[in-house]
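Take a look at the structure set out below.
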Amino acid sequence: QLVESGGGLVQAGGSLRLSCSVSGFDFDDYTIGWYRQAPGKEREGVSCLTLRDGTATYSESVQGRFSISSDNAKKLVYLQMNSLKPEDTAVYYCAAVSALFASGGRCYDPDSNFLYWGQGTQVKVSA
């Protein structure tokens, strides 16, 4: 089970930190990712983290502004979002896939049936 929290409304230039609480499977064996879906757009991978070795990747649109991290003892994965822009407005989802399918922090295909999804949290960035 994955449960997201931390979304909300923020002005452009502001910051938010999303949290993903993970339960029900071996934390270290997975790659956990943050995906987002804006209205009328396809779901996209934002940042993903392979927990066993800590390798992470970021999409070009968030590189340098977002940071993914984990607290392995608490089974939490965070997404620190800084310098937020109106175009970051979306529902943000936490998803998990076995590291056998996605290592090196690679974000797995969001259309895959191998991903486990959280319920999502809304992020709105006002201009």
Side-chain angles (χ1 to χ4, degrees):
Q1 184 180 12
L2 299 100
V3 179
E4 305 94 335
S5 60
L9 175 64
V10 65
Q11 288 187 332
S15 297
L16 283 174
R17 189 177 78 160
L18 305 183
S19 298
C20 175
S21 177
V22 179
S23 62
F25 50 86
D26 292 330
F27 194 68
D28 291 346
D29 291 339
Y30 282 77
T31 290
I32 306 292
W34 287 98
Y35 296 73
R36 68 185 181 186
Q37 188 165 22
K41 294 188 176 181
E42 294 186 348
R43 195 171 296 189
E44 62 172 348
V46 173
S47 180
C48 296
L49 174 68
T50 297
L51 295 164
R52 180 171 295 164
D53 61 14
T55 53
T57 62
Y58 299 90
S59 67
E60 285 188 14
S61 61
V62 306
Q63 181 76 45
R65 299 188 298 121
F66 290 11
S67 178
I68 193 169
S69 62
S70 67
D71 184 331
N72 289 21
K74 296 182 178 179
K75 294 190 175 183
L76 291 168
V77 177
Y78 304 104
L79 185 68
Q80 179 67 43
M81 306 186 295
N82 299 327
S83 302
L84 282 161
K85 304 175 182 180
E87 51 263 44
D88 294 318
T89 294
V91 178
Y92 282 71
Y93 298 89
C94 176
V97 64
S98 169
L100 294 175
F101 297 121
S103 60
R106 182 172 71 90
C107 287
Y108 208 64
D109 181 355
D111 293 327
S112 170
N113 291 328
F114 292 119
L115 284 163
Y116 299 95
W117 292 96
Q119 82 286 353
T121 185
Q122 176 73 55
V123 171
K124 289 187 177 180
V125 184
S126 62

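Index from 1, following the sequence. No hydrogens, no waters, no symmetry mates; every other heavy atom, side chains included, goes into these values.
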* Please, which pairs that meet ring pair (Phe, Tyr, Trp, His ring centres under 6.0 Å) have at least one residue in residues 44-83, sequence neighbours excluded? -> none
* Do Arg36 and Ser59 have side-chain atoms, one donor and one acceptor, less than 3.5 Å apart? -> no
* Hydrophobic cluster (4.5 angstrom, side-chain heavy atoms) - remaining members for Trp117 -> Tyr35, Val91, Tyr93, Val97, Phe101, Tyr108, Phe114, Leu115
* Could I get the full list of side-chain hydrogen bond (donor to acceptor under 3.5 Å, both in side chains) partners for Asp71, not counting sequence neighbours? => none
* Are Lys74 and Ser19 close enough that some pair of their side-chain heavy atoms sits under 4.5 Å apart? -> no
* Sequence neighbours excluded, which residues qualify as salt bridge (charged side-chain N to carboxylate O under 4.0 Å, His left out) partners of Arg52? -> Asp29
* Applying the 4.5 Å side-chain criterion to the ILVMFWY set and letting contacts propagate, would Val77 and Tyr116 be lumped into a single cluster? -> yes
* To do: Mind listing the closest non-hydrogen atom pair of Thr50 and Ala102 along with its distance?
  => OG1-O, 3.7 Å
* Distance from Ser21 atom OG to Gln1 atom CD, nearest 0.5 Å? -> 8.0 Å
* **Side-chain (Thr89) to main-chain (Val125) donor-acceptor, under 3.5 angstrom** => yes
Validation: residues 79-86 side-chain donor-acceptor distances under 3.5 Å, sequence neighbours left out:
| unit_1 | atom_1 | unit_2 | atom_2 | d |
| --- | --- | --- | --- | --- |
| Gln80 | NE2 | Asn82 | OD1 | 2.9 |
| Asn82 | OD1 | Ser15 | OG | 2.9 |

Side-chain donor-acceptor distances from residues 2-13 under 3.5 Å, at least two apart:
| unit_1 | atom_1 | unit_2 | atom_2 | d |
| --- | --- | --- | --- | --- |
| Glu4 | OE1 | Gln119 | N | 3.0 |
| Glu4 | OE1 | Gln119 | NE2 | 3.4 |
| Glu4 | OE1 | Gly120 | N | 3.0 |
| Glu4 | OE2 | Cys94 | N | 2.7 |
| Glu4 | OE2 | Gly120 | N | 3.2 |

